[in-house]
Amino acid sequence: MPAGRPRTVSLPPDEMIKLGEKMIKWVVENDPVHLSEFYCIHMGYTDSEWDTMHVAPEFFPYYEKALKLVGIKYLRKDTDIEPSLKHRWQRVYFKDLKHLEDDDFNAEYSRKLKLSEAEMKLKQEVINNLPEDLQDQVQALLKQISEAQSSFKIEDSKRRAETKS
């Protein structure tokens with residue numbers, strides 16, 4: 001086991017530029033499925049070292065270009081990458097797609113939340129228009145339903161966890 005000072009993560013700017021150029025050349029020549037093939041297997045950097053290095057200002061343009069070069073493989077029809085993996089990794093390699101999908105998800109979530117709030121408000125208005133003795137009964141029934149749903153979700157989660165182990 002080597003002793004001494006641990007390897008520093010950030011290289012001097014000129015070495016980061018050389019590393020970036022080396023990475024682009026390697027990606028073009030080797031057509032990898034993931035950039036970790038370059039930084040981990042080929043160069044020997046750990047993920048945490050890479051996480052620090054790839055955001056360095058002098059290196060980042062090379063990193064982005066390498067991501068796009070790898071990402072092209074996920075768009076081609078004639079690759080040996082499983083279609084479900086192609087779809088999953090497009091979010092990693094194409095940040096604009098990730099942002100669009102996140103925006104769509106957030107808009108849909110907001111729409112559903114507003115709808116749910118309106119539904120709850122409407123239910124409460126209906127309950128408030130009932131005679132008082134029925135209001136208490138309806139509230140008690142809704143509480144029972146909610147508790148039953150919660151315990152069902154807990155039991156279902158337990159069953160799923162047991163089948164995984």
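As the structure is a computational prediction, the values presented were derived from the model and not from experiment.
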- Message: Run the side-chain contact (heavy atoms from CB on, under 4.5 Å) test on Glu37 and Asn30 for me, step by step, so that the C-alpha distance in whole Å, both residues' side-chain angles and the decisive distance to 0.1 Å come before the verdict.
- Response: CA-CA 10 Å; Glu37 290 181 56; Asn30 293 281; over 6 Å; no
Is [Y] close to [X] at the side-chain level, that is, under 4.5 Å between some pair of heavy atoms?
| X | Y | answer |
| --- | --- | --- |
| Phe59 | Leu19 | yes |
| Val27 | Asp31 | no |
| Ser36 | Ile41 | no |
| Ile17 | Glu21 | yes |
| Tyr39 | Met23 | no |

To the closest 0.5 Å, what do you measure between [atom1] ([X]) and [atom2] ([Y])?
| X | Y | atom1 | atom2 | result |
| --- | --- | --- | --- | --- |
| Lys65 | Leu69 | NZ | CG | 6.5 Å |
| Met53 | Glu15 | CE | CD | 9.5 Å |
| Trp50 | Tyr63 | CH2 | OH | 7.5 Å |
| Met43 | Glu49 | CE | CD | 11.0 Å |
| Phe38 | Tyr45 | CZ | OH | 7.5 Å |
| Leu122 | Leu115 | CG | CG | 10.5 Å |

- CD of Glu125: more than 12 outside heavy atoms within 6.0 angstrom? yes
- Could you check Lys123 against Glu119 for salt bridge (charged side-chain N to carboxylate O under 4.0 Å, His left out), going step by step and ending with a plain yes or no? CA-CA 6 Å; Lys123 284 179 183 178; Glu119 184 180 351; 3.6 Å; yes
Electrostatic pair [X]:[Y] at N-O distance under 4.0 angstrom:
| X | Y | value |
| --- | --- | --- |
| Lys25 | Glu29 | yes |
| Lys68 | Glu64 | no |
| Arg111 | Glu108 | yes |

Could you tell me which non-hydrogen atom of [X] sits nearest to which non-hydrogen atom of [Y], and how far apart they are?
| X | Y | value |
| --- | --- | --- |
| Ile24 | Tyr62 | CD1-O, 3.3 Å |
| Met16 | Ala56 | CE-CB, 3.6 Å |
| Gln139 | Ile127 | NE2-CG2, 3.8 Å |

Examine distances only and state if a side-chain atom of [X] and a backbone atom of [Y] form a donor-acceptor pair shorter than 3.5 Å.
| X | Y | value |
| --- | --- | --- |
| Tyr74 | Val33 | yes |
| Glu101 | Lys98 | no |
| Ser116 | Lys112 | no |

Should [X] and [Y] be counted in the same cluster of Ile, Leu, Val, Met, Phe, Trp and Tyr side chains packed under 4.5 Å apart?
| X | Y | result |
| --- | --- | --- |
| Leu100 | Leu75 | no |
| Tyr109 | Met120 | no |
| Leu142 | Leu134 | yes |
| Leu97 | Val70 | yes |

- Query: Step by step, would you call Gln124 with Asn128 a side-chain hydrogen bond (donor to acceptor under 3.5 Å, both in side chains)?
  - Reply: CA-CA 6 Å; Gln124 193 58 48; Asn128 290 342; 3.1 Å; yes
- Mind checking side-chain contact (heavy atoms from CB on, under 4.5 Å) for Asp51 and listing every partner two or more places apart, or none if nothing turns up? His54
